[in-house]
Amino acid sequence: MQEKFNQIRQSAIESLASVTSMREIGELRAKYVGKSGEVTSLLRSMKDIPNDQKASFGKMVNDLKDEIMGYFNVKEAELKQKELESQFEKEALDITLPGKKVVAGNLHPLNIVKNEIINAFTGMGFEIFEGPEIETDYYCFQALNIPKDHPARDMQDTFYINDDIVLRSQTSTGQVRVMENKKPPIKILSPGRVYRSDDDASHSPMFHQCEGLVVDKGISLCDLQGLLDEFVKIIFDKQTKTRLRPSYFPFTEPSVEVDVTCSKCHGKGCSLCKGTGWIEILGAGVVNKKVLENCGIDSNVYSGLAFGLGIERVTMIKYGITDIRTLFENNVKFLKQFDRR
Ligand code: DAH
């Protein structure tokens, strides 16, 4: 019997030595220690073993089974390791090869500045309102106190789609749309595209504005000045000052034009500010009572301030850009200069 044991052990060891795949190991496992394998079938001779030796025989069979399983486990681990190594070899990367450069885009300068303007005003409690770019004559002009034959229409060369539909020439349209739908207190900023038939180094047929509107009890020109003083310090730098000059807009009374100290020379006078030390950045004023009334707001109770600034203008001042057209030519060399990474 001992010989039979030795023979099985020996043949298992020898067969294992030449195994090269997990599949073969599986087959050998079945052959030796499987349900009807050689070791298991030894138990079948149990009936021929004298009773007093049955226990030690059973133990010997189990020991042999454990021993052979141990060989299988060792071989299996070896094979797995080899398989891993050959897989690593196949998948090896040459880390000395030069990488492929991924070209990432960056925000357009107008979007950078638009975001800065939005952040500045939302930080002061303004909500964002975006109105349509194709507007009716009513929202673009009439509700803003510019009737059909008003000379102020000449201030803006408007694109007409038909007698009544226009490409909005100013974001002031947003004022009316908001006031019609919202009761004071109102504090909104309306950024967006506007269109005018104009095309030279400082005008583009499509450009961007940001309209601001505050309506509440007791709003005055002082609030406007305080608000803009704060805004220019955020958008330019802490030394920037504002100056209000009397002006005329049909939708504000009084109306002002607002200048800031030149961002290049800080007020001394240079080529950017044409020697004056000041640069105009926006139009503003106290909302004309007629506009409030047109929108159903009682002008005896409420008053408002409004302003409209050109995003291109602020961008050009901030970055010293002298020709507005460079902002729309999509020259990657130009745009890459605004990459902040
Ligand atoms: N809408 C004016 C323009 O495009 C700018 C403007 C001036 C807006 C005065 C205002 C304002 O809200 O009060 O020229």
Side-chain angles (χ1 to χ4, degrees), residues 114 117 121 126-133 135 137-147 150-159 166-180 186-198 202-216 219-228 231-232 242-260 279-292 294-295 297 299 302-314 316 324:
K114 182 177 94 175
I117 295 172
F121 282 109
F126 281 70
E127 283 175 68
I128 303 299
F129 169 82
E130 283 179 311
E133 290 171 29
E135 264 297 5
D137 188 275
Y138 176 78
Y139 284 104
C140 201
F141 297 118
Q142 293 171 45
L144 288 163
N145 195 33
I146 315 174
H150 197 287
R153 289 207 179 202
D154 295 344
M155 287 162 78
Q156 304 172 358
D157 290 313
T158 310
F159 288 113
V166 299
L167 292 186
R168 70 174 174 193
S169 55
Q170 49 185 356
T171 43
S172 307
T173 51
Q175 289 189 27
V176 184
R177 288 196 171 268
V178 169
M179 283 193 281
E180 273 184 352
I186 292 170
K187 215 171 170 188
I188 58 108
L189 186 77
S190 188
R193 291 193 192 95
V194 296
Y195 303 85
R196 286 182 205 179
S197 175
D198 231 348
S202 44
H203 298 90
S204 159
M206 187 283 297
F207 60 105
H208 302 77
Q209 287 187 332
C210 247
E211 190 81 10
L213 174 72
V214 179
V215 182
D216 205 346
I219 296 292
S220 73
L221 205 61
C222 298
D223 297 300
L224 176 71
Q225 177 141 35
L227 184 72
L228 295 178
F231 166 67
V232 299
T242 61
R243 172 175 86 171
L244 269 50
R245 281 181 292 108
S247 184
Y248 170 75
F249 298 101
F251 31 88
T252 41
E253 180 60 38
S255 301
V256 291
E257 242 144 342
V258 180
D259 300 338
V260 288
I279 301 181
E280 182 197 321
I281 61 157
L282 56 84
V286 172
V287 180
N288 193 315
K289 285 182 175 227
K290 284 189 196 152
V291 176
L292 292 178
N294 283 345
C295 301
I297 292 179
S299 62
Y302 294 103
S303 57
L305 62 85
F307 57 89
L309 84 162
I311 300 181
E312 279 75 4
R313 196 162 178 78
V314 176
M316 289 169 78
I324 195 170

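Ligands are counted one by one from 1 in listed order, and the atoms in each one are counted from 1 as well. If you're wondering where the values come from, they're calculated on a predicted model, not measured in any experiment.
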Which is it for Arg196 and ligand 1 at heavy atoms under 4.0 Å: side chain, backbone, both or neither?
side chain
Residues Arg196 and Phe207: closest non-hydrogen pair is NE-CZ, 3.8 Å
Would Glu135 and Arg177 pass as an ion pair if we require N to O under 4.0 Å?
yes
Using a 4.0 Å cutoff against the non-hydrogen atoms of Ser172, which atoms of ligand 1 qualify?
1 (N), 8 (C)
Less than 4.0 Å is my threshold; does some heavy atom of Glu253 fall inside it relative to ligand 1?
no
Check each atom of ligand 1 against the heavy atoms of Gln209 and keep those under 4.0 Å away; list them by number with element.
3 (C), 4 (O)
Please step through side chain to side chain donor-acceptor pair (under 3.5 Å) for the pair Gln175 and Glu211, ending with a clear verdict.
CA-CA 8 Å; Gln175 289 189 27; Glu211 190 81 10; 2.7 Å; yes
How far apart are the closest heavy atoms of Val258 and Ala284, and which atoms are they?
CG2-CB, 4.5 Å
When you look for heavy atoms under 4.0 Å from ligand 1, do you find them on the side chain of Ala306, its backbone, both, or neither?
both
Ring-plane angle category for Phe231 and Phe121, please: parallel below 30°, perpendicular beyond 60°, tilted otherwise.
parallel
Compare every heavy atom of Ile186 with every heavy atom of Met179, then report the nearest pair and how far apart it is.
CG-CD1, 3.9 Å
Of all the atoms in ligand 1, which lie at a distance below 4.0 Å from a heavy atom belonging to Gly285?
13 (O)
Residue Gln175 vicinity, atoms of ligand 1 by number, heavy atom under 4.0 Å
12 (O)
Which ligand 1 atoms, with their elements, are less than 4.0 angstrom from a heavy-atom of Phe249?
7 (C), 9 (C)
Give yes or no for whether the N/O distance cutoff of 3.5 Å, strictly under, is met between Gly212 and ligand 1.
no
Return yes if some donor-acceptor pair links the side-chain N/O of Glu127 with the main-chain N/O of Ile188 below 3.5 Å, else return no.
no
Within reach of ligand 1, part of Phe251 (heavy-atom separation under 4.0 Å)
side chain
